[in-house]
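Counting starts at 1 for both ligands and their atoms, following the listed order. Sequential numbering from 1 along the given sequence is applied to the chain's residues.
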Amino acid sequence: MYARKRLDIGCMDLASGLAYGALARDEAGLRGRIERWFSTQGNALACLSVRSGLDLYLQALALPRGSEVLMSSLTIPDMWRIIERHGLVPVPVDIETETLVPRVQSWEAAAGPRTRAVVVAHLFGARADLSGLVRLARARGWLLLEDCAQAFTGADYTGAPEADVSMFSFGPIKTSTALAGGVLTVRDPAVLERMRATQARYGLQSRWGFSSRLLKYSCLVALSKRPVYGAFVKACEMAGRDHDHVIQSSVRGFAGGDFFEKIRHRPGPALLALMLRRLEGYDGRRVEGRAARSRKLISILPEGVAVPGVQSPFHSFWVFTIVCDDPQAVVAALREQGFDATCAATLSVVPCPPGRERLDPRQARALLARTVYLPVYPEMPEREVERMAAVLREAVRGPRGRVQEGFSAPRLARG
Ligand SMILES: *Cc1c(COP(=O)(O)O)cnc(C)c1O
């Protein structure tokens, strides 16, 4: 069985991480090198996670309570929960399937007199064109935050120069993962200084905690190898457990306990050393291989299957998703043939503030309800990608023996 995802980390990285746990000491030096990798002008801050960084930024800004933050409508729930925690009101702005970001008019329509900032997420590895939003945000005096957690592709993109904040994640399922860690570039030096000062007062991440995380993920990396993964899925079946659930609950960061207490720590030297190793050793070949396999698959996808984000100017296919009419049936057909596709998403739809139901992000909701994540990675031989497309072709034809209605959006261009 092909696992739904391969964690983007190798045995040597994991082994190095364990060694850093015992040996790494120079917290300030390591952090400085990571920050200079991102910004030679000193605009970057290395943190425990993107969520920790966002929380630091909002502490430093101290916007008036009740200020509104427009958010592209699909993201991980913690992002809007952090915004709420600061007394701010997240306001969803619906995204387009083709680009995975809102149209400029949609941002405008959701804005109001209390809008102070916008957060736009580049999803699935696509990198959106922000030029229209940049102009609008400038004209209105909004802060522009860009969430690049799913869009890291090495030094070629360290954030849009026009954004006030760009956020990069090195969490477990992200590209070039260090199993934790985030970097924010922050363009306002005064705000960045306040963030640094606050972070400096935080306690240090637990050294033992990080080492045990390395051990846990070493097991997960071993598990995602094809034969082992098949055995794991069977074992879950025998135990009467849904393997979707087992996996989703094991990769959640900061689960249990007080969330804010957990994210408010400084990254320890072992984590910083591993982040630095991943940055300095970044090799674009894996991302290129992933994108090449993805484009191959797009070129042979059947009718009735659309690929979100295909109209983005750039797409690195951090994950490969399709939208189709009967996602459950498609997942079942793929699993039957040894491809562990899933509908289980870590993303959710940003809820509307009370009384503003007209802003309900219907397109994001429809997208999420019809999305299937496919296993596509460089280790998969091309003929297996072809076989997966053939399984999909059968699956979307459906029991009635005809092609089902395609996604209601106009048929998407094909890469
Ligand atoms: C993973 C992710 C985050 C959070 O990153 P952490 O470093 O784990 O806090 C935020 N936004 C999106 C869209 C993500 O995928």
I'd like the atom pairs linking ligand 1 to the protein - N or O on both sides, separation under 3.5 Å - with distances to 0.1 Å.
unit_1, atom_1, unit_2, atom_2, d
ligand 1, 5 (O), Ser169, OG, 3.4
ligand 1, 7 (O), Val50, N, 2.8
ligand 1, 7 (O), Ser169, OG, 2.7
ligand 1, 8 (O), Arg51, NH2, 3.0
ligand 1, 9 (O), Val50, N, 3.2
ligand 1, 9 (O), Arg51, N, 3.0
ligand 1, 9 (O), Arg51, NE, 2.7
ligand 1, 11 (N), Asp147, OD1, 3.4
ligand 1, 11 (N), Asp147, OD2, 2.6
ligand 1, 15 (O), Gln150, NE2, 2.8
ligand 1, 15 (O), Lys174, NZ, 3.1

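- With ring centers used as reference points, Phe210 lies 6.0 Å or more from Tyr20.
- Residue Asp340 comes nearest to Arg335 through the heavy atom pair OD1-NE, 3.1 Å, listed as atom of the first residue, atom of the second, then distance.
- Cation-pi check for Arg293 over Phe317 is not met; the charged atom does not lie both under 6.0 angstrom from the ring centroid and within 45 degrees of its normal.
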Below 3.5 Å, can you tabulate the donor-acceptor pairs from side chains in residues 109-126 to any protein atom, sequence neighbours excluded?
unit_1, atom_1, unit_2, atom_2, d
Thr115, OG1, Gly112, N, 2.8
Thr115, OG1, Gly112, O, 3.1
Arg116, NH1, Pro113, O, 3.4
His122, ND1, Ala128, N, 3.0
His122, NE2, Glu146, OE1, 2.7

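- No more than 12 heavy-atom neighbours from other residues, nucleotides or ligands sit within 6.0 angstrom of CZ on Arg285.
- Here the CD1 atom belonging to Ile95 is positioned 8.0 Å from the CD atom belonging to Gln363, to the nearest 0.5 angstrom.
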